[in-house]
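These notes concern the structure reproduced below.
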Amino acid sequence: MTPDTTAPLPPQYVPADHEPALYRWWLDHGCFAADATSGRAPYVIMMPPPNVTAHLHMGHGLNNAVQDALIRFERMRGREALWLPGTDHAGIATQTVVERLLAKEGKTRHDLGREAFVERVWEFVGQTGATILRQLETIGASADWSRTYFTLDPGPARAVREAFVRLHEKGLIYRGLRMINWDPVALTALSDEEVEMHETEGKLWHLRYPLEHGGHLVVATTRPETMLGDTGIAVHPEDDRYRHLVGTRVRLPLVDRLIPIVADAAIDPAFGTGAVKVTPAHDATDHEIGQRHGLPVLEVMAPDATMTDAVPMPFRGLDRFTAREKVVAEFAELGLLEKVVPHKHAVGRSYRSNAVVEPRLSEQWFVRMRPLAEPALEAYRSGRLRFIPERRGEEFERWLVNIRDWCISRQLWWGHRIPVWYADDGRHVASREDLATLPDGTPLRQDEDVLDTWFSSGLVPFSALGWPDRTPDLAVFHPGHVLVTGPDIIFFWVARMVMLGLEFTGELPFTTVYLNGIVRDPKHRKMSKSAGNGIDPLEVVPRFGADALRYTMISAMAAGTDVILDPNDLDTSFAPGRNFANKLWNAGRFILANLDGPVRPIAGRAAGVVRREELTVHDRWLIARCDAVVREVGESYAKFRLNEAATGAYHFLWSDLADWYIEAVKPRLYGEAPGGDVARAVLVRCFDTALRLLHPVMPFLTETLWKRLPGRDADATISRARWPEPDPRATDDAALRAFALVQELVTAVRGIRAEYGVAPGQAVAVTVAPASAAAEAAFRDEALTIRRLAKVSAVAVGEAAHQEGGHAVLTDGTAIVVPLGDLIDREKECLRLGAECERLRQLVAAQEGKLANEQFTSRAPAAVVDKEREKLASWREQLGVLEANRGALGC
RNA sequence: GGGCGAAUAGCUCAGCCGGUCCAGAGCGCCUGCCUUACACGCAGGAUGUCGGGGGUUCGAAUCCCUCUUCGCCCACCA
């Protein structure tokens with residue numbers, strides 16, 4: 001389908017009339033497809049695969065808007081741009097969601113069985129995955145959908161097995177009984193990163209443990225229920241309070257078990273009572289202490305965090321928190337509860353189920369991280385890998401320095417099943433599918449567990465391109481360039497990609513990590529569906545348009561800073577984008593409506609090219625401004641300062657082009673002044689440039705308008721148009737200065753008009769006393785502009801001081817007066833001029849002081865001093881003119 | 001307990017490897033305009049001890065120290 005480029009344009013931009021059709025047109029014309037055979041320098045961005053658990057929210061909107069802006073920018077710059085999209089199977093998250101759905105039907109996954117359950121999850125992700133991709137389309141994502149991957153598809157799955165096997169063969173993957181983080185709701189092990197620490201106002205219970213031979217010892221604990229599993233007491237070896245007790249025993253209350261008191265240097269004598277109960281089965285530190293002293297490991301808590309049969313009857317089967325209360329109550333009853341003190345401490349919770357994580361001794365698979373971390377650290381420290389903003393790199397570094405082994409097995413059904421097979425005797429015999437039977441034909445049993453989702457995500461920069469095969473895509477599009485993601489997954493994902501990429505491909509998967517901010521509500525809470533403060537992009541796009549959404553977000557976000565949006569006031573939140581989109585639309589509408597016939601080129605050797613002599617001052621000014629903006633915006637994009645790029649183009653379009661140039665040029669377009677064809681040429685050329693500069697941020701609107709500019713054939717697309725480059729020939733300081741004076745003059749007259757309440761329709765006269773020949777020429781050349789924009793009947797050159805009227809002085813010292821007859825109140829005018837003189841006097845005095853200071857003139861750079869001298873001269877000039885005026889008026 | 005960041009107009013924020021900032025934007029506010037592109041607009045305007053204090057410097061929103069208030073990350077003190 002080809003968007004209709006001939007239909008009349010309505011005065012208000014209605015995004016829904018253009019965006020969906022245009023997106024389809026882009027797809028049909030292969031605008032986003034990357035070509036591995038083009039030979040052009042590739043530019044690759046790996047899309048952080050959204051979880052298939054739910055629909056996208058504003059955070060995704062922001063993240064993908066940034067990526068799309070970067071990829072479109074590089075595509076226009078001629079790179080073979082590939083934005084590789086995908087979705088993540090999100091093991092634990094997805095399984096949790098589907099289990100909740102099942103729970104509503106009164107079922108558990110065990111009712112279905114593994115195979116049927118997984119089948120069910122596939123159904124679910126088929127729906128959400130499709131929805132997510134459609135959402136990305138609605139915001140204009142120029143991803144190469146032909147290469148879309150899903151982390152559980154056969155390709156990535158093969159990569160996962162290959163990676164596992166290689167790490168295993170290298171001795172970097174091992175299985176072992178370790179203290180791990182256990183989620184008692186999801187019933188699975190978690191990695192350290194998957195545990196979120198929350199500061200909690202808890203309690204520290206001081207419990208008396210009777211000594212075997214009389215008296216008692218007090219221990220402090222935040223988890224009294226674990227005392228049922230105590231197998232020792234530890235004190236610091238140097239602690240004089242307890243030194244004599246080391247080697248003796250206490251009788252554990254409620255359980256009636258004799259346990260030894262041991263000395264261990266890990267104990268901090270200053271904390272609590274200096275005596276620590278040791279529960280080797282349910283605490284990491286305690287486990288180490290227990291090992292050092294040969295204390296038994298007694299499991300008192302089951303995987304679901306209920307108390308096991310290893311505890312005495314009243315506690316057996318109780319939930320851990322019920323057991324806690326009961327233990328405390330019993331201690332109180334027995335007079336063994338010394339005291340309870342408030343205690344703030346960090347409690348770990350599962351990032352998916354939010355359950356309080358329980359340390360648990362468990363047999364799991366681990367990746368030995370130290371050897372993988374070293375090359376990653378080297379890459380960062382050598383500067384080959386950089387972060388924006390930079391300080392995020394320090395977090396990355398610190399994490400790698402303190403890295404610990406990664407628990408990668410999960411007791412889930414949804415995910416990549418661990419590629420390990422066992423014989424019946426429990427021997428682990430193989431890690432390759434083709435060896436899934438023993439030589440004698442006995443079938444082997446595959447490990448029941450699945451891998452941490454992040455194991456497969458960590459491979460996507462190459463697994464999505466066909467690795468381990470040496471595909472053409474892999475050869476061309478790996479390694480990639482920029483990764484754009486949120487700071488919350490630096491460790492989960494970014495670090496793993498870096499380490500695994502270096503390990504398996506020998507290359508960094510990207511060289512720049514751009515961390516975008518987080519979308520928050522006005523109370524600075526992170527937006528989320530569960531908190532009820534989310535904004536749905538699918539609600540915003542139909543109302544304001546994808547371009548408005550994108551512009552609003554990008555312009556509001558300096559690198560790495562958060563974006564605040566009010567979900568209760570979308571009109572205000574998205575006003576900047578909405579208003580600007582409409583402005584752009586109307587500027588385009590105006591320009592297109594005022595074109596008749598072919599438009600002459602303004603540069604090059606083609607026939608009919610506009611000669612420099614044909615250009616007016618405002619023509620030259622706009623061209624020079626445009627060139628400056630091309631320079632600034634290009635640099636801003638290249639430096640990832642997207643907010644500066646967006647707002648820079650915004651001000652050029654709105655202020656320079658629309659407010660000044662279009663207004664100045666109307667008489668020529670309407671045939672009331674000569675040079676209409678030249679005006680059209682300048683207008684089209686600069687508007688075209690502005691559209692290109694804005695295209696990465698506002699793809700739909702810019703394409704819609706650009707297609708209608710003269711000389712475009714049906715298949716032309718701005719998405720692959722050449723990015724504007726600065727043109728040295730466009731530099732024109734004289735024109736910039738001249739038109740700036742005209743602008744000053746117009747603004748001054750408007751100010752005087754408003755000050756004296758001149759009716760909007762009433763023209764006034766103005767007399768100017770130009771401070772230089774250049775100023776005089778500018779006012780003469782732009783007389784029509786001045787007359788139109790300031791509603792002036794005639795611009796007279798002459799002595800201004802003695803005239804009655806509103807006075808002003810421009811920065812170059814040009815005096816102006818607007819005679820206003822009866823409207824002028826001499827007293828008021830004297831006051832105005834007096835105040836202005838006073839302001840200038842102060843500036844001049846301060847500046848004179850500065851320049852009289854020898855320290856300044858001798859130490860500051862000459863350029864700075866010159867600049868300050870110029871300022872002083874300008875202020876003196878202005879002051880002199882104004883004072884002369886006051887004198888002449890008899891103030 | 002360590003480490004880091006932020007505090008600039010009523011609101012949301014730019015600027016911050018010192019002078020081009022006599023401090024900017026958007027939104028909001030005030031005044032006047034439906035001027036044949038746009039009232040999602042045009043023109044004009046008001047509003048800031050650049051968190052407090054100290055220091056370095058000829059010169060500081062910008063660098064250093066300190067305090068206050070908010071965030072974030074890391075951490076096995078039970």
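Below, chains carry the letters A, B, ... as their sequence lines are ordered, and counting in each starts from 1.
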| field | Options G19(B), C38(B), G15(B), nucleotide nearest the side-chain atoms of Phe856(A) | value | G19(B)

| task | Check every strand shown and say whether Ile662(A) touches a base, only sugar-phosphate, or nothing at a heavy-atom separation below 4.0 Å. | result | base

| The side chain of Ile564(A) lies closest to which of these nucleotides: G2(B), C13(B), A37(B)? | C13(B)

| remark: From the candidates A37(B), G15(B), C27(B), the one with an atom nearest any side-chain atom of Ala575(A) is C27(B)

| message | Taking pairing as Watson-Crick or G-U wobble with both contacts under 3.5 Å, can you name the mate of G24(B), or confirm there isn't one? | response | C13(B)

| field | Pairing nucleotide - C63(B), Watson-Crick or G-U, each distance under 3.5 Å | value | G55(B)

| field | Paired nucleotide for G44(B) [Watson-Crick or G-U wobble; both distances under 3.5 Å] | value | C30(B)

| query | Which listed nucleotide (G15(B), C27(B), G41(B)) is nearest to the side chain of Lys583(A)? | reply | G41(B)

| request: Give me the ring orientation class for Tyr551(A) and Tyr650(A): parallel if the planes are under 30° apart, tilted from 30 to 60°, perpendicular past 60°. | output: parallel

| Distance only, no hydrogens: is a donor on one side chain within 3.5 Å (strictly under) of an acceptor on the other, for Asn586(A) and Tyr13(A)? | no

| request: Report yes or no: is the cationic atom of Arg750(A) (NZ for Lys, CZ for Arg) under 6.0 Å from the centre of the six-membered ring of Trp660(A), at an angle within 45° of the ring normal? | output: yes

| request: May I have the distance from Asn579(A) (atom CG) to C42(B) (atom C1'), rounded to whole angstrom? | output: 14 Å

| field | Atom C1', compared across G52(B) and U69(B): separation rounded to whole Å | value | 11 Å

| query | With a 4.0 Å cut-off on heavy atoms, is Ala270(A) in touch with a base, just the backbone sugar-phosphate, or nothing at all? | reply | nothing

| remark: Separation of A14(B) atom P from Ile554(A) atom CD1, nearest Å, is 16 Å

| request: Please state the P separation for the pair C11(B) and G48(B) - nearest whole angstrom. | output: 13 Å

| Pair Ser555(A), Asn643(A): side-chain N/O donor-acceptor within cut-off below 3.5 Å | no

| request: Indicate, with a heavy-atom threshold strictly under 4.0 Å, whether Thr279(A) touches base, sugar-phosphate, or nothing. | output: nothing

| Between G44(B), A14(B), G19(B), which one does the side chain of Ala860(A) approach most closely? | G19(B)

| said: With a 6.0 Å cut-off on the ring centroids, do Phe652(A) and Tyr661(A) count as close? | reply: no

| Identity of whatever pairs with G1(B) - Watson-Crick or G-U, under 3.5 angstrom | C74(B)

| said: When you measure only distances, ignoring hydrogens and angles, does the side chain of Glu395(A) come within 3.5 Å of the base of C73(B) through a donor and an acceptor? | reply: no

| request: Look at all strands and tell whether Arg543(A) reaches a base, only sugar-phosphate, or nothing, counting heavy atoms closer than 4.0 Å. | output: nothing

| task | May I ask you to say what Glu663(A) touches in the nucleic acid, namely base, sugar-phosphate or nothing, with a heavy-atom cut-off under 4.0 Å? | result | base

| Given the C1' atoms of A25(B) and A14(B), what is the spacing between them in whole Å? | 7 Å

| field | Watson-Crick or G-U counterpart of A6(B), or none if no pair lies under 3.5 Å | value | U69(B)

| task | Check whether the side chains of Asp264(A) and His293(A) place a donor and an acceptor atom closer than 3.5 Å, and report yes or no. | result | yes

| field | Among A78(B), G44(B), C73(B), the nucleotide that comes nearest once only the side chain of Arg750(A) is considered | value | G44(B)

| query | If you measure from the C1' atom in C16(B) to the same atom in C50(B), how many Å do you get, rounded? | reply | 11 Å

| request: Would you classify Asn594(A) as touching base, sugar-phosphate or nothing, given that sugar-phosphate means primed atoms plus P, OP1 and OP2, and contacts are heavy atoms under 4.0 Å? | output: nothing

| Roughly how far apart, to the nearest Å, are C27(B) and G3(B) at atom P? | 43 Å

| message | Starting the side chain at C-beta, find the nucleotide from C42(B), A37(B), C76(B) nearest to Arg404(A). | response | C76(B)

| Is there a donor N/O on one and an acceptor N/O on the other, under 3.5 Å, for the side chain of Arg589(A) and the base of C38(B)? | no

| request: Take atom P in G10(B) and the same atom in C29(B), then report the distance between them in whole Å. | output: 15 Å

| query | Which value, in whole Å, describes the distance between the P atoms of nucleotides C21(B) and U57(B)? | reply | 26 Å

| query | Roughly, in whole Å, what's the span from CZ in Arg753(A) to C1' in G32(B)? | reply | 11 Å

| Counting any heavy atom closer than 4.0 Å, what does Ser555(A) reach on the DNA or RNA strands: base, sugar-phosphate only, or nothing? | nothing

| task | Check whether any side-chain N or O of Asp562(A) sits under 3.5 Å from a backbone N or O of Val519(A) as a donor-acceptor pair, and report yes or no. | result | no

| Which whole number of Å gives the distance between the C1' atom of A23(B) and that of U8(B)? | 9 Å

